[in-house]
Amino acid sequence: MITVFFSVMTGSMNFGVASPFIEAFATAKAAGGKIFHIIDTSPTINQSKNSGAKLDQVRGNIKLQNVKFQYPSRKDVPILQGIDLEIQAGDTVALVGSSGCGKSTVLQLVQRFYDPLQGQVFIDGKDVKDLDLSWYRQSIGVVSQEPVLFGTTIAENIRYGNKEATEQDIVQAAKRANAHRFIKGLPEGYHTLVGERGAQLSGGQKQRIAIARALVRNPAILLLDEATSALDTNSEAKVQAALDRASENRTTIIVAHRLSTIRGANKIVVISDGKVVEQGTHEDLMELKKEYYTLVTTQVQGSEKFENIGETKEKKILDYAEDDDEDFAPKKEIDEEAEVDNYVKTASLWSIVKLNSPEWLSLVLGCIGAGAMGTAFPIFAILFGNILQVLQDIDSNPDYVRQETNKYCLYFVLAGVLSMCATFLQMYMFGRAGQKLTLRIRSRMFDALLKQEMGYFDRKENGVGSLCAKLSNEAAQVQGATGQRIGTIVNSLATLSLSVFLAVYYEWRLGLVAMVFVPLIIVATFLQRRQMSQESDDYKESLQKSTKIAVEAVGSIRTVVSLGCEETFLNLYINELTPHIKKCLRNTHARAFILGFSRAIMIFAFSACLVYGGYLIKNDNVQYGDVFKVAQALIMGTVSIANSLAFTPNLEKGLVAARTVMNMINRIPKVSNSQNALIKKTADGNVDYSQIRFAYPTRDSIQVLKGLDLSVLQGKTVALVGPSGCGKSTIIQLLERFYDPASGTVSLDKDDIKSITLDSLRSHLGIVSQEPNLFSRSIAENIAYGDNSRQATEVEIIEAARKANIHNFIAHLPKGYKTKLGEKGTQLSGGQKQRIAIARALIRQPKVLLLDEATSALDAESEKVVQEALDNAKQGRTCLTIAHRLTTIQDADLICVVNDGVIVEQGNHTDLIERKGLYYRLHAHQH
C-alpha cells in the first residue's frame, strides 16, 4: 500500500512542482513566434547581397527610366511619377526643387534602399536589381542632411566608410573634409569618443566627419544630400572646396536647397511633382526663365548675387589646404572609470519590501497563505506517521483500525483544503502586489529619468539602449525578489521551523541526526547564491551593452546599410554577448553539481534517519510511526529548502536590479529646482549672460565659454554667428538650463534662472533646432506638444501650421493632421519636419524664441515663406538666433560674433562689415 501510495504521490507532486514552469514554454512560444517571423521573412531587396553580379569596375553611368514610386508606408501619396534621368560617368549633377518633390528619394533608389514600383534604375547599363548589393554599395559614398555618427571614436567612425583604411588614410580623409584641425585639438585626438549619435560634437563637426567617412572609401559615385547644410560659413567654403575636389573623376549627385552650392555642376536637374521638368547648366536654365529661374530669384536677395560669389574653385582649394602636423597621436590611456552614481551600494530584501509597502495588506495575507502552505508537509508527515501506527493493529482490532482510518482520511482532506486555500491566497496576493510594484518602479524610474540633466545623458554608459534595457528589465527583475519569492522564503521557514519542532518533540535524538545535514544544505545555498550574484551582474552588463549596439544600429539603419556595415554591427553585438555566454556555460557545471548535491542530501538524510531509527526501534522501543514522522518532516523541510534554491537566481537578480533601480530613483539631478524656486508666470523677455564660463561635463578639460557677456533686450532679435564649435548652441542650451555654467549667471528679467522653476522657465522659451525631433504620433499631436499646459484646439494647430507654411502640405495628405509620422518623423522630408517643428514652437506663444539654424533644411521657396513667418513670430518677443547663412540674419537688431568662447564683435550688419573684422571675413567667404 505504501509503495503504491508514494509512487503516485511523488509523481504527482513532482509534476505539480514543475507545472509553474510550464508558463515558460508559453512565453517562449510567443517570443519564438516573433523571432521566427523576423528570421523567416525573406527581404526582397537584400536577397541580392553576396549573390548578384559584380562589375569589373563601377564607372558611374546612372540612368532612371520611367521610374514610379511611393513609399510602402504611404502608398496613397505618389512621390516619383515617371521620372527619366540620365547621368554620365564623372559628371556632377545637382537635383533641385521644392521640399518633398522627390530629390532625396532619387538618392535612395540609386542606393537601392527601395525598388521602384515601375521602371528601372541602371548603373553602367546594368539593372541594379541584378547587382550584388553589398559589393555595389561599397562603390557609393553618402553624406546626408542629418549625419549619423556611432557611439565610438572619431577614427572608428571614419573607418566605417572603409574597413581596410589605415590610420594614414583616415587622416587624409579628415584633411580633405576640413576636419583634421579640430580633431587634433581634442584631448584624445582621433581616439576621442563622439558620444551617442555624435552628441559630443557640434553639427558642423559631425557633418565633416561624415564627409571624411564618405571620402575614405574613394567611391565611384558620391551622393550629397544637403552635405553642407550644417556648416558655418567658414567651414562651408573649405568643405565645399573639398567636395568639389572629391567630385572630380567620379559621378556626383547633389541635392541642395542652397543653389549657390551647385552652380558649378555639369548639369542641374529641376524636379517638380515627381518628374524632371528642366535640366541643363545654370546659364541655360536661367535663360529659360521658368522653374529654376524662379527658385534662384526667390533665394538670391540683396547682396547675395550669383555673379559675385567670389572665390574661384582653384582659390578655394588653396584656401582649404591644412598644415600637415603629426597625424595619429599615440593613443592615450583613456580613463575607463566612468562617473558612477552609487547612492545605494547594496540593496537588501527589506529595501525592496519597503518599495512594496503600499500593498502591505496584500503582502501580509500572502505571507499568511505562504506560512500556512509551509505547514502542510509537516502536518502530512504527522498524519501519515499516525496512520502507519494505526495500521499495525490490523490483526488484533480491525474495527478500531477501520474507525481510525476513516478519521485520518477526513484529516487528509482537510489538510488538502488548507493547502488549496493557502496556495490561492499566496499566489493571488503576492501576484497583485508584484504587479503594482512593477508599475510603481517603472513609472518612478521613467519619472527620474526625465528629470536628469543633459550631462547625465552625455555619458557613454547612459545611452538610449542601456537606459531602455534598465527600464524594461530591472523593474521586472525587482518583482522577482518580492512577491512569490517572499512567499517561497516564508513557506520554507514555516516548513523548516515546524519540522525541527516536531523532530525535537517526537524523538530529539533522531532529530539531531537529521539536523546534521542542515549545514550542508546551507553551504550549498551559499555557494549557489554567490555564483548567481556574479552571473546576474555579468548578464546585466552584457545585455545593456548589446542592446545599446542593437538600438544604435537599427535606429540608424539607413547609414549602417549605406556603409555596408551590417556584418560589422552584428559582430559587435555578438562580441558583447559571447563572453557572458561562455562564462554561463562554464558555471552551468558548477550550478548543476551544487543543485544536484542539495537534492541528494534528502536521500542521504532519509538513509541516515532509517539506520538510526531502526536502532531506536530495536533497543529503545521507539514507535516506528514516530521515526517516520521525524524523518518525513525533516526530509520535507529539506525539499522545501531545495525548492527555494531553485528560485535563487530570480532573488539574486532582483536584489542586483533593486540596487540599480534605487540608484536611478534616488539620483538627484545636477540641474534641478532650488529650494523656494520662483514660479515665473509671466516674462518680459530680457536675457543676460554675465561672465559665463562653461565646459561640458564629459569633456571638462575643454573650456567652451570663457567669460562670455551678452545682453538681449526685450523684443529685440540677436543673432549669434561664428565658426563651428565656437559655443553658439551652448549659449542657447544654458538659457534652457540643460546645463549650469561653471561660473557666472544667466538671467531672465534680472532673475537668475537658477532661482526659477525649470517648468516655468522653459514655458517662456520656444525652440526650433537644427535637427528637429518629431515623435511617432500624428502631425496634430506633434504640433500640440509645443504647449502641454493646456489642450490646444484644432484651430490653433492649423493656425500655427499656416504660419510655418506647412498647412497646405498637411491638408493634401490622405489623413491630414491625423497622419502618423513614424519614428523620428522619417516619413517626411527634412524641410517638412523643420516646418512642423516651427509650428510646434509657435503654438506655445513663447516670450523668447530660440532659433538654432531653424531654416537650414528648407528649400529656397519654403525658406522665404518660413522666414517671413519667423519674422512675424519675432514681433513683440525676444529672439536669439544662430545662423551660418548670414543673409538670414542681416536684419537682426544685434549681431554677435562668437569665437573661442567669447563675443569678439557685436553690432548691426553694416557696422560689422565696415569694421572688416571676423564677421567681414565670414561674410566674404559666403559671397
Side-chain angles (χ1 to χ4, degrees), residues 447 450-456 668-697 703-720 727-769 785-790 840-852 854 870 873-882 892-896 898 901-903 906:
D447 183 50
L450 293 175
K451 289 177 179 171
Q452 299 308 319
E453 77 284 357
M454 291 302 121
Y456 176 79
I668 300 164
K670 292 179 180 172
V671 176
S672 59
N673 292 332
S674 60
Q675 275 191 327
N676 306 318
L678 169 72
I679 298 173
K680 194 175 177 70
K681 292 183 179 177
T682 58
D684 295 328
N686 292 295
V687 177
D688 281 292
Y689 294 82
S690 174
Q691 281 297 300
I692 301 293
R693 294 184 180 276
F694 176 74
Y696 284 98
Q703 281 285 316
V704 179
L705 300 180
K706 304 172 181 177
L708 179 132
D709 288 301
L710 172 65
S711 289
V712 185
L713 299 176
Q714 177 186 355
K716 300 294 183 186
T717 296
V718 172
L720 303 175
K728 303 185 297 294
S729 295
T730 304
I731 292 171
I732 281 184
Q733 293 190 62
L734 290 178
L735 177 57
E736 290 191 283
R737 220 179 151 213
F738 288 172
Y739 304 89
D740 280 340
S743 65
T745 55
V746 184
S747 307
L748 177 63
D749 300 336
K750 299 189 177 175
D751 292 317
D752 186 337
I753 60 171
K754 289 184 184 177
S755 69
I756 306 170
T757 63
L758 287 170
D759 281 349
S760 65
L761 166 68
R762 290 170 183 163
S763 71
H764 301 305
L765 309 175
I767 185 160
V768 184
S769 57
Y785 275 159
D787 189 352
N788 294 298
S789 63
R790 61 195 174 86
R840 183 171 63 189
L842 295 179
I843 202 167
R844 78 191 305 167
Q845 298 293 325
K847 284 294 178 188
V848 181
L849 193 60
L850 307 173
L851 307 176
D852 188 353
L870 290 174
K874 292 174 192 173
Q875 300 301 320
R877 52 171 62 99
T878 309
C879 182
L880 195 55
T881 180
I882 292 174
D893 298 300
L894 181 67
I895 297 171
C896 297
V898 185
V902 291
I903 290 172
Q906 54 182 314

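A quick note: this is a predicted structure, and the numbers were derived from the prediction, not measured. If you read the sequence from its start, that first residue is 1, and numbering goes on from there.
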Is there a side-chain contact between [X] and [Y] (heavy atoms, below 4.5 Å)?
{"X": "Val768", "Y": "Leu850", "result": "no"}
{"X": "Ile903", "Y": "Leu708", "result": "yes"}
{"X": "Leu705", "Y": "Val902", "result": "no"}
{"X": "Lys670", "Y": "Asp740", "result": "no"}
{"X": "Val746", "Y": "Ile692", "result": "yes"}
{"X": "His764", "Y": "Pro846", "result": "no"}

Of Leu880, Leu720, Ile731, the one forming a side-chain contact (heavy atoms from CB on, under 4.5 Å) with Cys896 is Leu720

Partner of Leu748 by side-chain contact (heavy atoms from CB on, under 4.5 Å), out of Thr878, Val712, Val848 | Val848

For [Y], does its backbone N or O pair with a side-chain atom of [X] as donor and acceptor, under 3.5 Å?
{"X": "Arg877", "Y": "Gly685", "answer": "no"}
{"X": "Arg844", "Y": "Gly786", "answer": "yes"}
{"X": "Asp749", "Y": "Asp684", "answer": "yes"}

Before giving the answer on side chain to side chain donor-acceptor pair (under 3.5 Å), spell out for Ser729 and Asp852 the whole-Å C-alpha distance, their side-chain angles and the decisive distance to 0.1 Å.
-> CA-CA 7 Å; Ser729 295; Asp852 188 353; 3.0 Å; yes

Who are the side chain to side chain contact (heavy atoms under 4.5 Å, CB included) partners of Leu842, not counting sequence neighbours?
-> Lys803, Ile838, Ala873

Report the C-alpha distance between Tyr739 and Thr730 in whole Å, list the side-chain angles of each, state the deciding distance to 0.1 Å, and finish with yes or no for side-chain contact (heavy atoms from CB on, under 4.5 Å).
-> CA-CA 9 Å; Tyr739 304 89; Thr730 304; over 6 Å; no

Euclidean distance, [Y] [atom2] relative to [X] [atom1], rounded to 0.5 Å:
{"X": "Ser755", "Y": "Gln675", "atom1": "OG", "atom2": "CD", "answer": "13.5 Å"}
{"X": "Asn673", "Y": "Arg737", "atom1": "CG", "atom2": "CZ", "answer": "7.0 Å"}
{"X": "Lys716", "Y": "Ser711", "atom1": "NZ", "atom2": "OG", "answer": "13.5 Å"}
{"X": "Leu761", "Y": "Ile679", "atom1": "CG", "atom2": "CD1", "answer": "13.0 Å"}
{"X": "Ser743", "Y": "Phe694", "atom1": "OG", "atom2": "CZ", "answer": "11.5 Å"}
{"X": "Lys847", "Y": "Gln714", "atom1": "NZ", "atom2": "CD", "answer": "7.5 Å"}

Shortest non-hydrogen contact between [X] and [Y], atoms and distance:
{"X": "Gly455", "Y": "Pro697", "result": "CA-CG, 4.1 Å"}
{"X": "Gln703", "Y": "Lys706", "result": "O-CE, 3.3 Å"}
{"X": "Gln733", "Y": "Tyr696", "result": "NE2-OH, 3.5 Å"}
{"X": "Leu765", "Y": "Glu736", "result": "CD1-CA, 3.8 Å"}
{"X": "Asp893", "Y": "Gly715", "result": "OD2-O, 4.4 Å"}
{"X": "Cys879", "Y": "Leu851", "result": "SG-CD1, 3.8 Å"}

For Ser763 and Ser760, run side chain to side chain donor-acceptor pair (under 3.5 Å): C-alpha distance rounded to whole Å, both residues' side-chain angles, the deciding distance at 0.1 Å, then the answer.
-> CA-CA 5 Å; Ser763 71; Ser760 65; 5.7 Å; no

Is any side-chain N of the basic residue among Asp759 and Arg762 closer than 4.0 Å to the acidic one's carboxylate O?
-> no

Using the side-chain contact (heavy atoms from CB on, under 4.5 Å) rule, take Val687 and Leu735 through it: C-alpha gap first, then chi angles, then the decisive distance, then the call.
-> CA-CA 8 Å; Val687 177; Leu735 177 57; 3.9 Å; yes

Check against side-chain contact (heavy atoms from CB on, under 4.5 Å), Asp688 and Leu710 | CA-CA 6 Å; Asp688 281 292; Leu710 172 65; over 6 Å; no

What residues form a side chain to side chain donor-acceptor pair (under 3.5 Å) with Thr717, not counting sequence neighbours?
-> none

What do the steps show when you test Leu713 against Asn686 for side-chain contact (heavy atoms from CB on, under 4.5 Å), and what is the final call?
-> CA-CA 5 Å; Leu713 299 176; Asn686 292 295; 4.2 Å; yes

Counterpart residues, salt bridge (charged side-chain N to carboxylate O under 4.0 Å, His left out), relative to Asp751 (two or more places apart) | Lys680

